[in-house]
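Scope of the values below: all heavy atoms of this structure, side chains included, with no hydrogens, waters or symmetry mates. First the proteins, then the strands, lettered A, B, ... as listed; each starts at 1.
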Amino acid sequence: MRKLIPNCRLRRPRSSGALLIITALLTPVFSAVNAQKSPAILSDEQQILHVLNRLGFGARPGDVDRVKKLGISSYIDQQLNPQDIPDALAEEKVKELPTVSMSTAQLYEKYPQPGVLIRQLEKLGKLPPGLIQAQKMPGMESTNSSKRSEAPEPEANAMENENYRRAVREYYAEQGLQLPQKIIGELQASRILRAVYSERQLNEVMVDFWTNHFNVFAGKGVERWLLTSYDRDTIRRHAMGKFADLLLATAKSPAMLFYLDNFQSVSPNAQLPRSGNRQQMRVGVFAKREMTSNRQSQEPPQRMRRGINENYARELMELHTLGVDGGYTQKDVQEVARCFTGWTIFAPRGAAVAANRRLAGFAKESAGTFFFNARLHDDGEKVVLGNKVPAGGGFKDGLIVLDILARHQSTANFIARKLVRHFVSDSPPETLVKSVADTFSKSDGDIREALRTIFFSTEFNSPNAYRAKVKRPFELAISAVRSLGGDTNGGPQFHRWIARMGEPLYGFQTPNGYSDTAETWVNTGGLLERLNFGLALANNRIPGTRIDLHRLVESTSTNVRENGGVEPALKLVLGGDVSSGTRQTLMDQIRKPESSAADSVLDTKASRAEVLAKVVGLILGSPEFQRQ
Amino acid sequence: MNRRFFIKSGSIALASVSAQLSTPSFLERLVLAEGSQRTSLLRKILVTIFQRGAVDGLNMVIPYGESNYYQLRPSIAIARPSSGDVETAIDLDGFFGLHPSMRSFKTFWESKRLAIIHAAGSPDSTRSHFDAQDYMESGTPGIKSTAAGFLNRHLQISKGARDSVFRAVALSQAMPRILQGPAPAVALSKLADFTIRAGNSSAVQGGFEAIYERSVNDVLAGTGKETFEAVNYLKRANPSQHRPGNGAQYPRSPLGNSMLQIAQLIKSDVGLEIAFTDTGGWDTHVNQGNSRGQLANRLQDFANSISAFLTDLGDRMEDVLIVTMSEFGRTVRENGNRGTDHGHANAMFVIGGGVRGGRVYGDWPGLRTEQLYEGRDLALTTDFRTVLSEVARRHLGSTTLTTLFPGYNVIESRFRGVLG
């Protein structure tokens, strides 16, 4: 195993580290009024906790000591180079989720949507007898009815019939197929597992950040098959590289093309093939039409009206790059939309539904991947943000747009602000935002360099930044498990809590993604769910997740008799850094009798554990633990 | 977007939505008000429903009298009313019709409990969902720096000495913009879950209460305090004991569930005045459908959820008003994907007590090309703030309208007259 640190060599902090000491003497960059009393100066331990909380999902038992030995600067440097950090445990855990490593085409094949599969089988005359029978049952609406409305789940009514469901289950079992719902469940689990177990903590934080910035909603159409690749091939691959690369990857990703409708955006002047070749056109853009009910298409396909869809063009500029005040106009939106016509998905609903039988074989491997359909592209000249995009550019038009946007000053400002808001405070200090934007521009959009600027800044290291952010639900849940040295399978029972607290992964419907400021999360209902989560975790009431308080109890048995394990628990979860009010309250709680008076007298292992679970539950719900 | 409540330049202050640091706790106020509690808890109630994603108002309330509606929407238009044909528009007044899947609204239209204001909305030209929702919820189109939502401003303006902690409730997981602000409000998605769920819950709750109470330097303390008061109060009020009345059948959908729970809160007299919920799935860019399809399904859920609520509450609706809104409308012309893109003006529903229903209010601008906004959208002739000001004045009895919508000159003579 590679040594991560040179033995016994405590690196001097970088010169900017010296500023850590001077910080207290500098005129504060923040006003004196704070949300909570900040320490005048941060202790070593607080500094380490701060770094572990911001560059990752909190400290596990032993992490503070590890970082102390390594030195904060070295730790930060390390985290900025995740490719050099071995990560065997996290990889091992994620390997147990088969879908996470599957291609989109494979997912379509092995996890098909029942209604779609059945229609396809019917078409090919291969519907197994069991299903034919089930379809004939009374009360069963035919899945093939052309009168069926274009509901998001066209086979929903069919599934209400129990016999039908059973027949489908049997068929699936025989063929080794599974329902597509499993895919997103495994993707969410992989995110949770990595956040809990990965040594590449900063990388996981950046994956979370970019997934939110380039938000895609799992509930829309075929996204459930497209997001696995999105996480693995698009976001993860570029999370700490160059912004321009990440941007291009998202622009080409089937997940984004589908979510923001660009895969159906077609030039009004698109050259359509004659009817003989109509089949060929159906793959990709029109494969979808083939499968939906035809009641709306009274005209033959070649006379279907074309349309440019502006959705992606707008969000690309408003949310992904320039920001809403970044200086683009409605005309720019239209021109950008023209540039991206033809950026589409090959067989977006899977090989099984590819209309063209000859292409079906090819589709088997490439279904759900990016392809540029020149025939759909608007090849005229465009003007984007004052830049001429010459006619006849084809695929290059989109590349030119992305290049303009990635290098634009507004983008640097916008991304810088978001990063500073995420890593420092809900009111991003303007000085730091400017500094990060400068780094971003000068380094050609290097994400690592921008982060480096943040982590070695006075603002980041200021006492005012300590515990200034409120954890989002995902951050809270993960940090809770980590702080207790717990284990989880990341399964639905765990994810359900994250959803209850308000942040279901890939569950944000609109492209702007989850908010990164406290006011969204801090309200009566949200707080209640957080308290309940902490209690459930501490009492091991989350199936698939386990914390071992017994171990804690045993290792601190002398203390426990005195104060119910309050101090060790506080040390573990919050580095012992809590207000005297919290500490006192916890002590008082220990002395309160539990359910029966008799039990409270017995100092058994069981009662100690019960008391400890209560203490831990309270700590996880404390104001201090809501923060990072 | 700057949404600070405690605006401190350059600071990293944390703001809590429900922080009430200096006023007496709700329970203290309640105890003091024991005697006159009953009257204060039967105030007028406003239920606001936000259709997020820009509902297609032209297919929701169809101007079937406009020939251009059919010219510009060859595949998604709803056919003119034809008696006996359930796939055609439901006639309202000889010019407008309702989408056929909103059949359940017909009774309330006929009993004059339901009114519509068409060509209404925000004058701002943005076609960004987020900006437009922000503008509508903050009540300040064009301005992003407004700290609080307009419903929160109403709460502040009309603050009473005996306000319930459940005075304002949002049936949603997160606090919506429209209710964000210094005045306390509760956001919850399920009443039954609004409690500490632990073995010995009261002991644990006591522990939390003590911790939060002692964290005087943390703004979260205020949220904590309000949380526990709310939990205790709700336990005593027990709203889930109220089953739907009068044969009302709520759809089993998020909106249906929200409306059911709002009804329960109303029936259990917890002091609810302002309720909010939202509904999504309206952004029909692709394959919108016509009398059937995506939009039809959404509208059916929308109408049935509201109708169930109206039926459930029965006479209680005297004191309750529902207002619906959406951030903007959609293009008159269908796009190349059998859908519609972001537009401008939309239709709002006002339903309930005091409504002079059975009418479509507003000045209909027409759908001829020269009558359209920017040549593509339904033009605006009623500002949503006019509608909401009328609601605030005539339903909620608000006397201060100038601060409800900063920068907007409320002219009462311009009220549409939706409320008697």
Side-chain angles (χ1 to χ4, degrees), chain A residues 29-31 33-37 149-152 261 264 266 292 296 305-311 314 318 324 425-427 429 464-465 468 470 502 509-510 512 518-528 531-532 535 579 581-582 584-585 588-589 592 594-595 614 617-618 621-623 626, chain B residues 3-5 8-18 75 127-131 173-175 180 186-189 194 196-200 203-204 207-208 210-212 214-221 223-224 226-227 230-231 280 285-287 289 292-294 296-297 335-338 341:
Chain A
V29 286
F30 314 105
S31 97
V33 187
N34 274 320
Q36 34 119 37
K37 220 159 86 177
S149 53
E150 178 69 60
D261 306 315
Q264 298 198 73
V266 176
T292 62
Q296 285 166 341
R305 262 178 306 119
R306 302 282 146 253
I308 290 199
N309 191 300
E310 292 173 8
N311 207 1
R314 173 183 308 285
E318 180 179 332
V324 71
S425 130
D426 287 359
S427 307
N464 288 344
V470 166
Q509 214 168 351
T510 48
N512 52 322
E519 54 228 35
T520 314
W521 308 105
V522 176
N523 53 66
T524 308
L527 184 58
L528 201 49
L531 302 182
N532 283 320
L535 290 170
S579 67
T582 300
Q584 189 54 50
T585 308
D588 290 344
Q589 290 305 309
K592 285 206 161 73
E594 278 296 318
S595 30
K614 183 182 175 189
L618 288 173
S622 68
Q626 304 314 305
Chain B
R3 297 176 193 175
R4 306 289 154 262
F5 316 126
K8 297 178 169 69
S9 55
S11 86
I12 45 175
L14 163 70
S16 159
V17 181
S18 311
S75 56
R127 293 207 182 86
S128 151
H129 286 301
F130 326 105
D131 274 1
Q173 211 138 44
M175 183 65 71
Q180 281 175 8
V186 173
L188 55 86
S189 40
F194 198 78
I196 296 285
R197 304 194 287 280
N200 191 349
V204 171
F208 280 129
I211 290 181
Y212 275 83
R214 284 193 175 143
S215 306
V216 286
N217 290 321
D218 194 329
V219 173
L220 282 171
T223 313
E226 292 286 352
T227 301
V231 167
H285 284 280
V286 176
N287 271 324
R292 296 204 197 191
Q294 263 191 72
N297 293 338
N335 65 23
N337 297 136
R338 300 219 147 100
D341 293 316

Quick one: list whatever passes side chain to side chain donor-acceptor pair (under 3.5 Å) with B:T227, sequence neighbours left out. none

Minimal non-hydrogen separation, A:N309 against B:V286, with atom names: ND2-CG2, 4.2 Å

Below 4.5 Å from any heavy atom of chain B, which atoms of A:Q584 appear? Answer side chain, backbone, both or neither. both

To the nearest 0.5 Å, how far apart are CG in A:N512 and NE2 in B:H129? 10.0 Å

Which residues pass the side chain to side chain donor-acceptor pair (under 3.5 Å) test with A:S579, sequence neighbours left out? A:T582, A:E624

Under 4.5 Å, counting heavy-atom pairs only, tell me which of A:P623, A:G621, A:G526, A:G617 racks up the most with chain B. A:P623

Quick check: do B:H285 and A:E310 have side-chain heavy atoms less than 4.5 Å from each other? no

What pair of heavy atoms forms the shortest contact from B:G207 to A:T585, and how long is it? O-CG2, 3.7 Å

A:Q264 and B:N335, any side-chain heavy atoms less than 4.5 Å apart: no

If you define the side chain from C-beta out and look only at heavy atoms, does anything of A:W521 sit under 4.5 Å from B:M175? no

Would you mind checking which part of A:D261 comes under 4.5 Å of any heavy atom in chain B, side chain (CB onward), backbone (N, CA, C, O), both or neither? side chain

So do the side chains of A:V266 and B:N337 get within less than 4.5 Å of each other, counting heavy atoms only? no

Taken to the nearest 0.5 Å, the spacing of B:F208 CZ from A:L618 CG works out to 5.0 Å

Check whether any side-chain heavy atom of A:L531 lies under 4.5 Å from a side-chain heavy atom of B:Y212, and answer yes or no. yes

Salt bridge check, B:D341 against A:R314: does any charged N sit closer than 4.0 Å to a carboxylate O? no

